[in-house]
Amino acid sequence: MNHRARKRFGQNFLQDFSVIERIVSSMRLDADDNVVEIGPGLGALTLPLLAQLKQLHVIEIDRDLIQRLEAKELEGLHIQSADVLKVDLQTLAMGNSLRVVGNLPYNIGTPLLLRLLDIHPMLRDVHVMLQKEVVDRLDATCGNRAFGRLSVMMQSVFKIEPLFTVPPTAFEPAPKIDSAVVRLSPLENPLSADDIKALERCTRIAFASKRKTLRNNMKGYLDDQSLEAIDINPQARAETLDINAFHRLSKRLSEG
Ligand code: SAM
């Protein structure tokens with residue numbers, strides 16, 4: 001029986017074998033790797049991944065799709081029926097070796113990325129398909145229109161490598177927009193958990209109103225003098241500050 005794609009679960013199934021092949025080969029898998037796939041769907045990535053691995057853990061929210069996968073009785077496949085946003089991914093990590101892969105449903109892309117920040121010490125890398133617009137935001141540098149909170153947070157913890165763009169025709173049903181595959185690898189010296197928390201607060205305040213100057217967004221938190229003392233122009237807008245300036249701002253803000 002054919003599966004009818006469910007919009008609420010962001011189901012756009014990969015049907016282009018060359019794209020599937022590119023995603024899998026970009027991971028350069030070893031048979032013993034500890035891999036979790038988010039949203040296996042009908043198995044477009046699952047089967048070629050499993051062909052190269054001894055074991056594969058998958059997390060899927062749609063029970064119909066789970067039944068289909070279970071019916072295949074694939075050796076080495078561990079199927080978890082759950083909303084990935086509610087799963088403690090740390091329990092899957094053995095040491096710092098977890099590799100995450102998935103053609104992510106659009107509605108959970110950004111929340112999932114933000115959750116990866118917290119568990120980055122457990123991760124080896126992440127290969128995910130997202131809306132191209134989200135990958136542009138991940139990779140944007142200051143001054144670029146796409147630069148914002150997501151760019152600052154993710155670039156403070158991960159090396160971001162956009163790999164390739166994928167057109168709507170690669171999926172069934174076809175989405176309206178382009179997608180892109182990105183690789184994230186934890187930086188050698190990422191921020192500590194406390195510093196990540198502080199940066200989350202700092203970026204929330206600094207970007208509160210994108211059109212306002214830092215002087216206005218930081219009102220009640222830091223005055224002009226304090227900003228100038230860390231070499232930040234109070235009349236600048238948040239989107240013009242580079243990552244290092246954000247780290248200075250975050251440190252100063254948490255000092256009170
Ligand atoms: N990997 C398949 C492929 O490439 O053809 C399916 C990709 S489809 C874009 C996203 C998949 O994630 C669907 O199978 C969907 O049911 C599943 N999904 C959606 N929301 C989820 C969630 N919160 N937790 C786990 N899986 C989810």
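Start at 1 with the first residue, then count along the sequence. The structure displayed is predicted, hence computed values, not measured ones. Counting convention: from 1, in listed order, for ligands and their atoms alike.
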| message | Could you check whether Glu133 pairs with Arg137 (Lys NZ or Arg NE/NH1/NH2 to Asp/Glu carboxylate O, under 4.0 Å)? | response | yes
| said: Quick test: of every protein heavy atom, which one is nearest to atom 20 (N) of ligand 1, and how far off is it to 0.1 Å? | reply: Pro105 CG, 3.5 Å
| Among Ile108, Leu49, Asn103, closest by any non-hydrogen atom to atom 7 (C) of ligand 1 | Asn103
| For atom 5 (O) of ligand 1, the protein heavy atom that lies nearest, with its residue and separation | Leu14 N, 2.8 Å
| atom 19 (C) of ligand 1: nearest protein contact (heavy atom, Å) | Phe9 O, 3.1 Å
| request: Can you pull out the closest protein heavy atom to atom 14 (O) of ligand 1? Residue, atom name and distance to 0.1 Å, please. | output: Glu60 OE1, 2.7 Å
Validation: residues 100-112 side-chain donor-acceptor distances under 3.5 Å, sequence neighbours left out:
from   : atom 1 : to     : atom 2 : distance (Å)
Asn103 : ND2    : Asn12  : O      : 3.3
Tyr106 : OH     : Ser179 : OG     : 2.5
Asn107 : ND2    : Arg8   : O      : 3.4

| field | Glu37 and ligand 1 - part of the residue with a heavy-atom distance under 4.0 Å | value | side chain
| note | When distances are taken from atom 24 (N) of ligand 1, the protein heavy atom at minimum range is Val84 N, 2.9 Å
| remark: Closest to atom 23 (N) of ligand 1 among protein heavy atoms sits Asp83 OD1, 2.8 Å
| query | Of all the non-hydrogen atoms in the protein, which one sits nearest to atom 6 (C) of ligand 1, and at what distance? | reply | Gly39 O, 3.4 Å
| Any salt bridge between Asp64 and Arg68, counting N to O under 4.0 Å? | no
| query | Which residue supplies the protein heavy atom nearest to atom 27 (C) of ligand 1, what is that atom called, and how far is it? | reply | Ile61 CG2, 3.5 Å
| request: Output the list of atoms in ligand 1 that are nearer than 4.0 Å to some heavy atom of Gly10, sorted by atom number. | output: 8 (S), 9 (C), 10 (C)
| remark: With sequence neighbours left out, the residues meeting side chain to side chain contact (heavy atoms under 4.5 Å, CB included) with Ala229 are none
| query | What are the two closest heavy atoms between Gln80 and Ile66, and how far apart are they? | reply | O-CD1, 4.4 Å
| task | Could you tell me whether Arg22 sits above the aromatic face of Phe164, with NZ or CZ closer than 6.0 angstrom to the six-membered ring centre and within 45 degrees of the axis? | result | yes
| query | Under 3.5 Å, is there a donor-acceptor pair linking the side chains of Glu37 and Thr46? | reply | yes
